[in-house]
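Quick one: the structure is below, and I'll ask about it shortly.
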Amino acid sequence: MSMTISSCDRCDADAVEQLFVRTFSDSEGEAEGRAVGALAGELLRSTPHSDLYGFVARDQDELVGSIILSRIRFESAITAFLLAPVAIRTDYQRRGLGQSLIRHGLAVLKRDGIELVLTYGDPRFYGKVGFAPVDASRVPAPFPLSQPEGWMVQSLSGDPIPPIPGCSSCVPALCRAEVW
């Protein structure tokens with residue numbers, strides 16, 4: 001296996017969207033696959049470059065994984081990004097590739113001075129890469145959470161995570177209550 005991890009951009013949007021469609025269709029059904037794929041494509045195509053990080057994993061030339069991180073803003077001056085969505089092609093899952101891809105992305109954000117990364121997903125998976133559950137009353141989510149136990153945070157600065165007052169807002173592609 002000759003795996004490489006690299007940044008992705010708008011040029012990769014179609015291939016990344018198809019990866020998300022395929023992966024989520026396999027695990028959650030075709031409708032969910034189309035919805036998550038469209039969201040991934042929209043994030044890559046419409047989010048300003050300064051508010052977006054995208055990474056892909058390739059086995060030789062084949063796209064097998066992707067993560068997307070977009071800026072989340074708080075009323076305070078903290079710099080934060082949201083890790084969502086994440087897809088590893090079904091036949092490449094359970095090999096540590098998702099963890100490697102996330103660790104790579106977190107290292108790039110840390111290098112760039114980002115203080116916090118949040119995610120909204122399975123605590124068992126994201127706990128393996130350093131995320132810890134956080135109550136939305138301490139770190140506000142942009143919308144009410146349908147699964148509050150999935151709201152998780154990681155400090156990239158090494159500092160403790162203080163309560164963050166006020167509201168938060170996300171990039172337009174994620175600014176829909178149904179994705180929360």
Side-chain angles (χ1 to χ4, degrees), residues 1-73 79-131 150 152-154 156 170-176 179-180:
M1 194 160 61
S2 175
M3 198 69 61
T4 59
I5 294 176
S6 61
S7 294
C8 71
D9 58 24
R10 283 175 171 72
C11 298
D12 298 304
D14 290 345
V16 168
E17 182 172 339
Q18 287 310 306
L19 170 71
F20 277 91
V21 169
R22 179 178 174 185
T23 301
F24 280 84
S25 291
D26 287 351
S27 63
E28 308 291 328
E30 191 176 328
E32 185 71 7
R34 283 194 311 272
V36 177
L39 174 63
E42 183 181 351
L43 277 163
L44 290 175
R45 290 182 192 100
S46 70
T47 305
H49 181 74
S50 61
D51 290 342
L52 183 74
Y53 287 85
F55 300 96
V56 293
R58 287 188 169 86
D59 184 0
Q60 301 192 27
D61 288 334
E62 235 179 302
L63 183 65
V64 296
S66 179
I67 64 172
I68 300 172
L69 299 107
S70 58
R71 189 175 304 277
I72 183 168
R73 288 182 168 81
T79 57
F81 274 73
L82 178 68
L83 170 63
V86 172
I88 303 300
R89 206 171 80 183
T90 306
D91 55 334
Y92 279 77
Q93 292 176 6
R94 297 186 185 10
R95 300 183 190 183
L97 179 56
Q99 292 176 42
S100 295
L101 197 50
I102 291 169
R103 284 189 181 103
H104 175 85
L106 295 174
V108 171
L109 269 68
K110 181 177 182 172
R111 177 201 71 200
D112 289 353
I114 305 305
E115 298 169 83
L116 290 182
V117 177
L118 293 115
T119 194
Y120 184 43
D122 182 350
R124 293 170 301 196
F125 176 75
Y126 291 103
K128 293 176 184 177
V129 288
F131 286 88
M152 303 181 75
V153 66
Q154 182 173 156
L156 297 183
C170 52
V171 299
L174 292 172
C175 204
R176 298 188 303 259
V179 301
W180 295 89

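Remember, predicted model here, so these are calculated numbers, not experimental data.
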Using modelled atom types and a 3.5 Å cut-off, is there a donor and acceptor pairing between side-chain atoms of Gln154 and backbone atoms of Val117? no
From Thr79 OG1 over to Asp112 CG, what is the distance, rounded to the nearest 0.5 angstrom?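 Spacing of OG1 (Thr79) from CG (Asp112) equals 10.0 Å.
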Run the side-chain contact (heavy atoms from CB on, under 4.5 Å) test on Thr23 and Gln93 for me, step by step, so that the C-alpha distance in whole Å, both residues' side-chain angles and the decisive distance to 0.1 Å come before the verdict. CA-CA 10 Å; Thr23 301; Gln93 292 176 6; 3.7 Å; yes
Counting N and O atoms only, with roles assigned by atom type, does the side chain of Tyr53 sit under 3.5 Å from a partner on the main chain of Gly105, one being a donor and the other an acceptor? no
Can you name the nearest heavy-atom pair linking Arg58 to Ser6, along with the distance? NH1-OG, 3.7 Å
Taking the side chain as every heavy atom from C-beta outward, state whether Val36 and Glu28 have any atom pair closer than 4.5 Å. no
Is any side-chain heavy atom of Asp51 closer than 4.5 Å to a side-chain heavy atom of Arg73?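 Counting from C-beta outward, Asp51 and Arg73 do come under 4.5 Å.
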Any chance you could measure His104, atom NE2, to Ile67, atom CD1, to the nearest 0.5 Å? 8.0 Å
For a quick test of reading the model, state the closest non-hydrogen atom pair linking Gly65 to Ile88 and the distance between them. CA-CD1, 3.8 Å
Look up atom CG in Asp12 and atom CD in Gln18, then write down how far apart they are to the nearest 0.5 Å.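 Answer for the CG-CD pair, Asp12 versus Gln18, is 13.5 Å.
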Nearest 0.5 Å, what's the CG-CG distance between Leu156 and Leu116? 7.0 Å
Minimum heavy-atom separation for Val16 to Ser66, with atom names? CG1-OG, 3.5 Å
If the threshold is 4.0 Å, N to carboxylate O, is there a salt bridge linking Asp14 and Arg45? yes
Where Ala40 and Pro85 come nearest, the two heavy atoms and their spacing: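 The answer is CB-CG, 4.2 Å.
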Going through the distances and angles, do Val171 and Glu42 end up as a side-chain contact (heavy atoms from CB on, under 4.5 Å)? CA-CA 11 Å; Val171 299; Glu42 183 181 351; over 6 Å; no
Going from OG1 on Thr119 to CD1 on Ile102, what distance comes out if it is rounded to the nearest 0.5 angstrom? 7.0 Å
Ile114 side chain near Val108 side chain, heavy-atom distance below 4.5 Å: no
Applying the side-chain hydrogen bond (donor to acceptor under 3.5 Å, both in side chains) criterion to Asp91, which one of Arg95, Arg89, Arg94 satisfies it?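 Among Arg95, Arg89, Arg94, the one meeting side-chain hydrogen bond (donor to acceptor under 3.5 Å, both in side chains) with Asp91 is Arg89.
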Going from CG on Leu82 to CZ on Arg71, what distance comes out if it is rounded to the nearest 0.5 angstrom? 12.5 Å
Parallel, tilted or perpendicular, judged at 30° and 60°: which one describes the rings of Phe131 and Tyr126?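 Rings of Phe131 and Tyr126: perpendicular, as their planes differ by over 60°.
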List the atom of Leu44, the atom of Cys8, and the distance in Å for their closest heavy-atom pair.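 What the structure gives for the nearest pair is CD2-SG, 4.1 Å.
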Counting N and O atoms only, with roles assigned by atom type, does the side chain of Ser7 sit under 3.5 Å from a partner on the main chain of Phe55, one being a donor and the other an acceptor? no
For a quick test of reading the model, state the closest non-hydrogen atom pair linking Leu52 to Leu43 and the distance between them. CD2-O, 3.8 Å
